[in-house]
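Labels below follow one simple rule: chain letters A, B, ... track the order of the sequence lines, proteins then strands, and each chain is numbered from 1.
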Amino acid sequence: MSKDTLTFAVILSVIDFVLCFVMISGIGGIIYLLRYLNRFGKLDETKMRL
Amino acid sequence: MLNQFLPFLTALGEQTGVAQLYWGNVLMMAIGVAMILLGVVKKYEPLLLVGIGFACVISNVPGSSLLQPGGLFADAYLGVSMLILPPLIFFGVGAMTDFAPMLANPKLVVLGAAAHLGIFVALIGAKLLGFTIYEAGAIGIIGGADGPMAIFMAVKLAPQLLPQISVAAYSYMALMPLIQPPVMRLLTTKKERMIRMKQMRAVSRLEKIAFPVVIGVIVNLLLPAVAPLITMLMMGNLFKEVLVTERLAQAAGNAIMNITLILLDVAIGSTMVADKFLTVSTLEILGLGLFAFVIGTGSGVVGAKMMNLVMKEKINPLLGSAGIASVPIAARVTATVALQDDPENFLIYQAMGPNLAGVFGTALSGGIMLALLQ
């Protein structure tokens, strides 16, 4: 299929938009999971500073 | 005597820029001055518009040696075309940005994708106007409202359109306080705009440190095409969050960022030369860029309203418009519009969440586009 057509532009847009939603939802899921790191401990910010 | 001097004077005149000056140069100089005035008088993104405007004025003086190989403007442009400056801007942005609003409320991350419909509307519009698919892709990314990303995509897909695309992206980013509010008000009721958001949870240092490392790995794994930008964003942020590299974070967010910004301003302004810029395609790109911003703002608001259909706790739909990437301009516009209806409804912190997600949304759109086109 030739890429330089209006049809391809529409297909590209639909795939890109949907995939973007899927991937950003995945990032959202990972961000949600980050809070569970707090179960492993807490960093002491005073000690961290040089 | 005069006969002997005249050839000398004529030759001297021909060597100056005056002989080559035409109406196009004068028009572009006027546009450059207008950009400086917008920055100085209206305070619209002065860090961008003053530098770009000045470089635009000087670049339209025929024969300016700054544009010749070895000239400072030409060298600054090399930094753009070799994709050195856009990742450095991301580096600085990362070092200055607190991602806590995004980490605290991951649900709002989806708005970073919803507000990017404008990219695809502009892409299809550009194809309809006769641009190639590569040019259309690069034009579409203007709708992401992310200057460095727009430059990155233009260099990758359609370097010949870099001046128009970068000018459209940065100009509209600067003009977002004018472009977005009418669209936001049109798509929301006063009652919706007055929805207050509850205070977000505190984000721990451990989460803030893990975030750039995890995202850096994921982006390089899944979207290597746009990895240089996001990786530098994450590296800058890591320097900020680990607290032991404060000097580096300060350098990235101040000195490096400022130097890069100056070079970027000069590089973009120097591409606004009349004979290349005053074309029909420039007008088409500027029109498509504006359309993309309007559609992106609208789709973000509609996306937030759709989330309200399924969410128990309603969100203020104005947050959707902040899903456009331009950080922190879009978040500021959201907060300003909310304050106009309720002077005690402070949304800036909540708006930063979707706004930061918008950076990822644009990068994802660009990365997927590059993967599908190349």
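Only the side chain of A/I30 comes within contact range of chain B, with heavy atoms under 4.5 Å apart.
Counting heavy-atom pairs under 4.5 Å between each of B/A210, B/G361, B/S365, B/A104 and chain A puts B/S365 at the top. Interface check for chain B: of the options A/L37, A/L19, A/L6, A/V14, the most heavy-atom pairs under 4.5 Å are formed by A/L6. Ranked by heavy-atom pairs shorter than 4.5 Å toward chain A, the options B/V242, B/L117, B/I215 are led by B/L117. The residue among B/V110, B/V109, B/I218 with the most heavy atom pairs within less than 4.5 Å of chain A is B/V109. Annotation: maximal heavy-atom pairing with chain A below 4.5 Å, among B/L223, B/I119, B/T132, B/L108, occurs at B/T132.
Taking the side chain as every heavy atom from C-beta outward, A/L12 and B/M369 approach each other to under 4.5 Å. A/L34 has its side chain out of reach of B/K208: every pair of non-hydrogen atoms, C-beta onward, lies at least 4.5 Å apart. Side-chain contact check for A/I27 versus B/L364: some heavy-atom pair is nearer than 4.5 Å. A 4.5 Å side-chain heavy-atom check between B/Y134 and A/K3 finds at least one atom pair inside the cut-off. Within the 4.5 Å cutoff, the side chain of B/P106 has heavy atoms near those of the A/R35 side chain. At least one side-chain heavy atom of B/I209 sits under 4.5 Å from a side-chain heavy atom of A/L43.
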Pair B/K127, A/D4 - check side-chain contact (heavy atoms from CB on, under 4.5 Å), show working. CA-CA 9 Å; B/K127 196 74 204 81; A/D4 205 4; 3.1 Å; yes
Trace of the salt bridge (charged side-chain N to carboxylate O under 4.0 Å, His left out) decision for A/D44 with B/R205: CA-CA 9 Å; A/D44 185 339; B/R205 181 65 52 187; over 6 Å; no
A/K42 vs B/L206, side-chain contact (heavy atoms from CB on, under 4.5 Å): CA-CA, chis, key distance, verdict: CA-CA 7 Å; A/K42 192 183 169 191; B/L206 191 56; over 6 Å; no
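For B/E246, the CD atom counts as loosely surrounded, since its 6.0 Å shell holds 12 or fewer non-hydrogen atoms of other residues, nucleotides or ligands. Within 6.0 Å of CZ on A/F17 lie more than 12 heavy atoms contributed by other residues, nucleotides or ligands. Within a 6.0 Å radius of CD in A/E45, more than 12 heavy atoms belonging to other residues, nucleotides or ligands are found. Counting non-hydrogen atoms of other residues, nucleotides and ligands closer than 6.0 Å to NZ of B/K314 gives a total above 12. Residue-environment remark: CE (B/M311) exceeds the threshold of 12 foreign heavy atoms within 6.0 Å.
Counting all heavy atoms, side chain and backbone alike, B/L123 lies closest to A/A9 at CD2-CB, 3.6 Å. When all heavy atoms of B/A357 and A/I24 are compared, the pair lying nearest together is O-CD1, 3.5 Å.
Atom SG in A/C20 sits 6.0 Å away from atom CZ in B/F120 (nearest 0.5 Å). Note that the CZ atom of A/F8 and the CD1 atom of B/I133 stand 6.0 Å from one another [nearest 0.5 Å]. Of the inter-residue distances, the one linking B/I368 atom CD1 with A/D16 atom CG reads 4.5 Å to the nearest 0.5 angstrom.
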